[in-house]
Every structure is written in C-alpha cells, then in structure tokens.
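First comes the structure, then the notes that go with it.
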Amino acid sequence: MSPLNKQQLDQIRDERREQIKQAALKLFARQGIAGTKTSMIAAEAGISEGLIYRHFKSKDELFTALVQELMEEAAREIEYIHHLPGTPFEQIKALTQNMLDENNQHTFMLIQQARKADKVPEQVAQILAQHSAHVLIDKLLPIIVKGQQAGEFSAGDPRELLSWFFAVISSLIMQEQGNEEYGMPDVDVLMRMLSK
C-alpha cells in the first residue's frame, strides 16, 4: 500500500474537522456551550477526545468557529431571500421553510443557545452583536413593507410583525420536534401570522 499524498491527507483532515463540527453542532444546539464537554463531542463523532485538539485548541474555539460559520451562512441566506423570484409572501415562506427544515434545525438551535447563554467566548459575543436579531430583522423589513403594500401581509408595525413571527419560530425550533402529539406546524399555518 502506497503512502498517502498531501492532497489525500488534506482531504482526510478536512473530513475529520467537518465530522467534529457536525457532532459539536448537535450537542451545542441541544446542551449549550456550558452543558457540552469535549468528551461528549468525541463520543458523538466516534473519535478520541485528543483528536478534537488536533483541529481546535479548545471547546471555546470550536464553538466560536461554528457560530461564526453559521451566522455568516444565515446572513447570506437573508441576502439571498431578496433575490428569490416570487412575491414577498413567497420569499418569507421560503425563508421559513428553510429555518424549519430538519437539516437546519440544529443550526438555529445553536444560534438560540448562544444568544441565551450566560457566558460565551468574547469573540462569540462580538459575532452575535454584529448579527443581532435586530440586524437580521432590519434586512427583512423591506420585504414585509412591500408585502404590506401589496396586501399580502397584515397592516401594522412591520418590525413588530417580524419580531413576533421569529419569536414563535424560535420557540418551535428550541422544542426541536414541536408539539409531541402533532409535531411541527405546517409552514402555511405559520405564514397566517403575517398574512391578511
């Protein structure tokens, strides 16, 4: 068997780093930073705890890297919504579907955990301030205003409408599965909160 070349080693390293991040994402989303130990992440990833430290200096660095990536991705998603074809209603519906998508729930759960944590690394606090809920809502206000003008959304303070809407979605996401008996509500049910 021939030795691995640099490209193969880099690919293995990148795959292992991604494996660690995915395991950490699930645990940080459910347990928060304080409730997650690197031993738990290692067990979830199926690796030794020492291997985590070959990729990240500390649990805080891993948490910070995840929050940074996720907030940048969320900001790109918000920008992308403005370029989607369709009405304002359809654009907000697409964003809502994306947020509630099973593949994205841990992402939004982790962001909520970071926002409500008593103590986070300083860099995470800066990232969260830079990408605060107010900043994200500000970016969506033009869509809501346009939808109100077109008669698609309820009248009223657009910031208030979005704030309540996202508060409900955040609450549902933090429950992870929605109501035990009925699961998550259909996106159309949630969209009725905004529509006339």
Verify same cluster id: Val135, Phe166 (apolar side-chain graph, 4.5 Å): no
Side-chain heavy atoms of Asp138 within contact of Arg159, under 4.5 Å: yes
So Leu25 and Leu70, do their side chains get closer than 4.5 Å, heavy atoms only? yes
Which value, rounded to the nearest 0.5 Å, describes the distance between Arg54 atom CZ and Ile47 atom CD1? 10.5 Å
Would a 4.5 Å heavy-atom cut-off, applied to side chains only, mark Leu100 and Leu190 as touching? yes
Do Gln91 and Leu95 have side chains that approach each other closer than 4.5 Å (heavy atoms only, starting at C-beta)? no
Residues Ile137 and Ser163: closest non-hydrogen pair is CD1-OG, 3.5 Å
Counting neighbours of CD on Gln7 that are heavy atoms of other residues, nucleotides or ligands and sit closer than 6.0 Å, is the number greater than 12? no
In the structure I gave you, are the side-chain heavy atoms of Asp60 and Ile33 within less than 4.5 Å of one another anywhere? yes
Straight-line distance of Gln97 CD to Asp188 CG, nearest 0.5 Å: 7.5 Å
Between CG on residue Leu110 and CD on residue Gln105, distance to nearest 0.5 Å: 13.5 Å
Distance check, rounded to the nearest 0.5 Å: Leu140 atom CG versus Ile81 atom CD1? 7.5 Å
Residues 141-154, side-chain donor-acceptor partners within the protein, below 3.5 Å, at least two apart:
from: Gln148; atom 1: NE2; to: Ser154; atom 2: O; distance (Å): 2.8
from: Gln148; atom 1: NE2; to: Gly156; atom 2: O; distance (Å): 2.9
from: Glu152; atom 1: OE1; to: Phe89; atom 2: N; distance (Å): 3.0
from: Glu152; atom 1: OE2; to: Thr87; atom 2: OG1; distance (Å): 2.9
from: Ser154; atom 1: OG; to: Leu194; atom 2: O; distance (Å): 3.3
from: Ser154; atom 1: OG; to: Ser195; atom 2: O; distance (Å): 3.0

Could you tell me which non-hydrogen atom of Glu79 sits nearest to which non-hydrogen atom of Lys139, and how far apart they are? OE2-CD, 3.7 Å
Give a yes or no answer on whether the side chain of Arg17 reaches the backbone of His55 with a donor-acceptor pair at less than 3.5 Å. yes
Enclosure of Lys21 NZ (heavy-atom neighbours >12, cutoff 6.0 Å): yes
For residues 120-141, which residue pairs pass the ring-ring contact (aromatic ring centres under 6.0 Å, His included) check, not counting sequence neighbours? none
Scan the side chains in residues 35-46 for donor-acceptor partners under 3.5 Å anywhere in the protein, sequence neighbours excluded, and list what turns up.
from: Thr36; atom 1: OG1; to: Leu27; atom 2: O; distance (Å): 3.3
from: Thr36; atom 1: OG1; to: Gly32; atom 2: O; distance (Å): 2.7
from: Thr38; atom 1: OG1; to: Glu49; atom 2: OE2; distance (Å): 2.4
from: Thr38; atom 1: OG1; to: Tyr53; atom 2: OH; distance (Å): 3.1

Validation row: Phe28, Met109 side chains within 4.5 angstrom (heavy atoms): no
Report the distance from atom CD1 of Ile52 to atom CD of Gln19, rounding to the nearest 0.5 Å. 10.0 Å
Is there a chain of hydrophobic side chains (I, L, V, M, F, W, Y, each step under 4.5 Å between heavy atoms) that links Ile173 to Trp164? no
Could you state whether Val168 and Ile92 fall into the same hydrophobic cluster, counting links through intermediate Ile, Leu, Val, Met, Phe, Trp or Tyr residues with side-chain heavy atoms under 4.5 angstrom apart? yes
Grouping I, L, V, M, F, W and Y whenever their side-chain heavy atoms are under 4.5 Å apart, do Leu51 and Leu62 come out in a common cluster? yes
Any side-chain to backbone donor/acceptor pair from Glu61 onto Lys57? Under 3.5 Å, distance only. yes
Arg30 and Lys26: side-chain contact (heavy atoms from CB on, under 4.5 Å), yes or no, with the steps? CA-CA 6 Å; Arg30 292 184 182 131; Lys26 287 180 189 173; 4.3 Å; yes
Exercise: identify the closest heavy-atom pair between Ala155 and Leu161: O-CD1, 4.4 Å
For Arg115 and Gln112: C-alpha separation, side-chain torsions, deciding distance, then whether side chain to side chain donor-acceptor pair (under 3.5 Å) applies. CA-CA 5 Å; Arg115 287 193 193 285; Gln112 292 304 319; 5.3 Å; no
To the nearest 0.5 Å, what is the distance between CG on Leu162 and CG on Leu136? 10.5 Å
State yes or no: do Leu172 and Met193 share one hydrophobic cluster built from I, L, V, M, F, W and Y residues joined by side-chain heavy-atom distances below 4.5 Å, directly or via other members? yes
With a cut-off of 6.0 Å (strictly less than), are more than 12 heavy atoms of other residues, nucleotides or ligands near CZ of Arg13? yes
Are any side-chain N or O atoms of Asn104 and backbone N or O atoms of Met99, one a donor and one an acceptor, separated by less than 3.5 Å? no
Gln68 versus Glu72: any side-chain heavy-atom pair under 4.5 Å? yes
Verify the neighbour count for atom CG of Asp157: are there more than 12 heavy atoms of other residues, nucleotides or ligands below 6.0 Å? yes
Looking at side-chain heavy atoms only, is the closest gap between Ser170 and Phe108 below 4.5 Å? no
Between Gln126 and Gln130, do the side chains contain a donor N or O and an acceptor N or O under 3.5 Å apart? no
